[in-house]
Each structure stands twice: as C-alpha cells, then as structure tokens.
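What follows is one structure encoded as structure tokens, with my remarks underneath.
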Amino acid sequence: MAYSEKVIEHYENPKNVGALDKEDPTVGTGLVGAPACGDVMRLQIRVNDSGVIEDAKFKTFGCGSAIASSSLATEWIKGKHIDEAGRIQNSQIAEELNLPPVKIHCSVLAEDAIKSAIEDFRQKRAAQRALAADAPATAAK
Amino acid sequence: MALKLPIYMDNHATTRVDPRVVEAMLPFFDETFGNAASRTHAFGWHAEAAVEAARDTIAGLINAESSKEIVFTSGATESDNLAIKGVAEYYQPKGNHIVTTVIEHKAVLDSCKRLEKQGFEVTYLPVGKDGRVDPDDIRRALTDKTILVSVMLANNEVGTIQPIAEIGKVTRERGVLLHCDAVQGIGKTDFDVRAMNVDLASLTAHKIYGPKGVGALYVRRAKPRVRLVAQMDGGGHERGNRSGTLNVPGIAGFAKACEILKQEGKAENERVRRLRDRLHRGIASALDEVVLNGHAEHRLPGNLNLSFSFVEGEGLMMAIKDVAVSSGSACTSASLEPSYVLRAMGLDEELAHSSIRFGLGRFNTEEEVDFVIDLVVGKVKKLRDMSPLYEMFKDGIDLKSIQWVPH
C-alpha cells in the first residue's frame, strides 16, 4: 500500500515524541488501543490555568498511519483550549493525512487519545479542587 | 561497490529469475515457438521435445520414478487445487475425510473448505510452538473414511520444515494418499517422493529462481497408482489431468531452474544459511526482546522470522523500506487479524503484530546483510523510543496486567 506524502512526512519526522510527568497535576494522560490489536497510543497534555494546552507529547506503538495520526494530533492541540481540542474529529485527521479506508481506525484512535487525555486532566483538576475546598478547614485547626 | 537499494529479502514471496533461466527460455518465444500438442510438424515436435526433457529434469529433482508422473500446471495454487479436489472427487466412493494442518497455504485450506461445503469432512490439525505437526497427531486423525492427508514441506512464513518422511510412513501404512505442498522447500531441504512415500506434490518455478505462471503436480503412477479427476475441461493435455496449451517457455525455464538447483543447491543452501545466521546474530546481539518464530533447526536456510517486541511490524517495514521484507502484522491486510500461522503456533497477538519475515536467497550478499543489520537495529531502536509499550516494559510494568480497551 502506498502512503500519502503527509503520512510519510509525519512518520519520518514525528513531532512531539516523548513523555510528560504523569503525576504532575497539570498533565493529562490518555492511553488508548491494545497491543493485541496492533496499536496503542499514549497522548499527554500539559494545561495552564486558563485551560490552554501548552505542551503535548505522544508515544505510539503502531503502523505508520497510527504514528502520523498521533503526531498530527499533538500538533493540532498545542495552543488550543481543551474545550476546542476536545472537538477535533477523526475525520479531520483522516482527511488531512489522506488515510485510506483500512487506516481510518488510526485516526479514530487519535481522537480517542485526545479525549482521553483531556478527561484525565479534568478528573485530576476536579480532585484537586475538592481537596482545595477541604483545605481551609484543616488549616483552621 | 555501492549497494543497490532497495535490497530484496522477500524470497518466500517470489524470486528473481536467474539470468541462466531467462536465457534458456528465450528460444521458445521465437525460434521454437510451437505448440507442444501439435503432432503434425517440426514446430510442435521441437516444443514437445523441450517439454519432455523438462519433465525428466523436474522428475529427477524430486526422485520421481518416471517423468510421466509430472503434470504441468500454471503454478502451485492450481497444483494444490488439482491435487485436493481431484483426489477428493475420484476417491469419494471410498471415503470423504481429509486431514491437513492449520498452517497450510490458503490454496490448500480454501480447497478443503470448498470440499467441506460439498459434504467432505476435514480435520485441521494443530501445530506446536515451533510450527511442526506431530506425525502421531496425523495417525490419530486417520479414520477408515480418510482418503487424503495434505501437509506442506516447509511453511512460507516461518520456514518450519515438516517431518514428511515420518508422515509418509504413517499414510503408507494406513493406505491413505499423501499430498505435499513442496513449493517453499524444494531444493532447499531434502525432498524425495519415493523415500518419503509422497503420492502427490505441488511445485512451482518462481520460488526457485524460475518464471511465474508455471508449476507442476507430481502424481504417483505406481504403488499406489494415484487417480485424479481433472478440474479443467478441454483438450485433454497432460494425460487428461490438465487441459490447456502448455507454457513451453515457462516449462523450459522451470527445468533450467531445477537443473541449477540440482547442481548448485547444496553449496547455495550453505551460503544462504550462513548469511541468514549472520543476519540473525547481528540483530539479536544488538537488540533486546527479539523473538525467533519457528523451529531453530528444522527451518529453511533462507528464512528468518523475528518478532521485535513493542514495535509494530508494518510501522517497522515502513521505516526499513530500503529492504523488501514482509510482516505477519494485521495492518498489511484489510482483515485486521494478524498472521494465522503465527497465531496457530500460539504466539501472542502482540508478537504476531511485531513480526518481520526475512527471506534470503541466491542473490543476497554479505554486504547487503550487514547493511540490513544496521538498518533494522537503528530503526527498531528509534521506534522503541517512540513506543509506549517499550517504556512501560523498561519501567517494569507487566503489559498483561493492564486493562486494554480494544477498539
């Protein structure tokens, strides 16, 4: 199968490969896919106080299209507010990379990874706020 | 000398035609272009003489008793179809049971599946972790309704060589016919239809540096005499077993390829085995978590099937595009199922997705092998740096303990 030039470009020069500290309260981590299915994507975001994604990193086990989809996803979400990043559709990724029908699932995985990272961040933030709400009572003792 | 890229290491898929084979074929396109079935003129006689000489050579390579036992076909898929369906149809009054293995080529498996729809019963025997079938399993699977056992000589993915001689003992003892798809193993491992009690054998030219589109089916004529029902109707060529004008240039090339194998095969296999071992050592000494698929010893000299844990096969092939190989990864097909052969050997799906098949052959050089070692090692390291699974493995996380969400 021939790959599109955009897939090859992202595959050969992937953007934002790496890891963020997943214990950091400003970091959200999404891990989607399964080794048995041949693709696993881990996408991480660092979000500032106003909800803007300041940094994004990924690591992916998968074919060229899966790696390209992850690379593109991290590029797209950087600088976006999490609400906006959460609205990215797999079809946009598939279109940008000219993915053939058998590779559409790679773009679905990338969309899932973004959503999952945002969800992780939101849960962390909610837990922190709950903790912060309890904090003054403790301090008053 | 500069290396010519890409390097071809997919010799189980097909092989480059040897220049000596091309040369042997050329006269049959123009000077001696006759139809081997034309009995009335010299054009036909010359063609027929070439075909008969080729039959002798091919019969000789597998130690057939007579050249009359060679039926020319369009290739191994046709040979497999003719052997299985042809035997099934002829021997149906005697029984309706066929025994084969789960790792056969699709030409065998799908022929069997079609027969099942027509009321035949087929037993698909499992193989061990090393890809070998146990002859005792064959013995146990035979019933008084069994008419045919079909087992390949060597597997196309993992190169595992099957114990055909032992299986032949079992089938001969029980009076059941044995068909062997010998395509991958011919000339690369011992194959002797008389010593091994093989009754039908599928052969093809393009895996042995001959042309595509020509193959043969060996059909035993004595002790026992094997009968077939032809699957193609027409002029009654090949003693009524396979109608259709013979591919004379192809047949001449096929014979030349067999002749070269007979003369040079032994030395060539040793050379290819050394190259293969060099490739294996070079890769395995530089990388951790590399798994050899298939049998360590009972394997084709040119075959190296490796799983690179935590790296997906198709992704790896894209990274090493300067070398032509193939992968058991699902991503290479539309089915999303990884290799049925590797799965049948009990390999984890994850490792099946991570497999690469290197098929070395006559035209590979040591220089190419060294280039491929560096290429593969470098790219696997790069992809592992990008792999969340490798990071987790290095952090001591058991990947099996994670609740994955298949999509």
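Chain letters run A, B, ... following the sequence lines, proteins first and then strands; every chain starts at 1. Basis for what follows: all heavy atoms, side chains included, without hydrogens, waters or symmetry-related copies.
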May I ask you to check whether over 12 heavy atoms, not counting those of A:E54, lie within 6.0 Å of atom CD? yes

Residue pair B:E350 / A:P35: nearest heavy atoms and the distance that separates them: CG-CB, 3.6 Å

Region of A:P14 in contact with chain B, defined by heavy-atom distances below 4.5 Å: side chain

Would you mind telling me which of A:G64, A:G62, A:S65, A:A19 has the largest number of heavy-atom pairs within less than 4.5 Å of chain B? A:G62

Report yes if the side chains of A:F61 and B:S354 come closer than 4.5 Å at any heavy-atom pair, otherwise no. yes

If I measure from the heavy atoms of chain B, does A:I8 come under 4.5 Å with its side chain, its backbone, both, or neither? both

Trace of the side-chain contact (heavy atoms from CB on, under 4.5 Å) decision for A:V32 with B:W404: CA-CA 7 Å; A:V32 296; B:W404 297 103; over 6 Å; no

Taking the side chain as every heavy atom from C-beta outward, state whether A:T60 and B:S387 have any pair of such atoms under 4.5 Å apart. no

Sort B:K321 into side chain, backbone, both or neither according to what part of it lies under 4.5 angstrom from a heavy atom of chain A. side chain

Which bit of B:L351 is near chain A, if near means a heavy-atom gap under 4.5 Å: side chain, backbone, both or neither? neither

Do the side chains of A:E12 and B:M318 get nearer than 4.5 Å, heavy atoms only? no

With a 6.0 Å cut-off (strictly less than), is the heavy-atom count around NZ of B:K113, excluding the residue itself, greater than 12? yes

Take atom NZ of B:K379 as the centre, draw a 6.0 Å sphere, and report whether it contains more than 12 heavy atoms from other residues, nucleotides or ligands. no

Between the SG atom in A:C63 and the CE atom in B:M317, the distance rounded to the nearest 0.5 Å is 10.0 Å

To the nearest 0.5 Å, atom CE of B:M392 lies from atom CZ of A:R42 at 7.5 Å

So do the side chains of B:M386 and A:I67 get within less than 4.5 Å of each other, counting heavy atoms only? yes

Measure A:V17 against the heavy atoms of chain B and call it side chain, backbone, both or neither at under 4.5 Å. side chain

Ignoring hydrogens and angles, tell me if any N or O in the side chain of A:K59 forms a donor-acceptor pair with the backbone of B:E391 under 3.5 Å. no

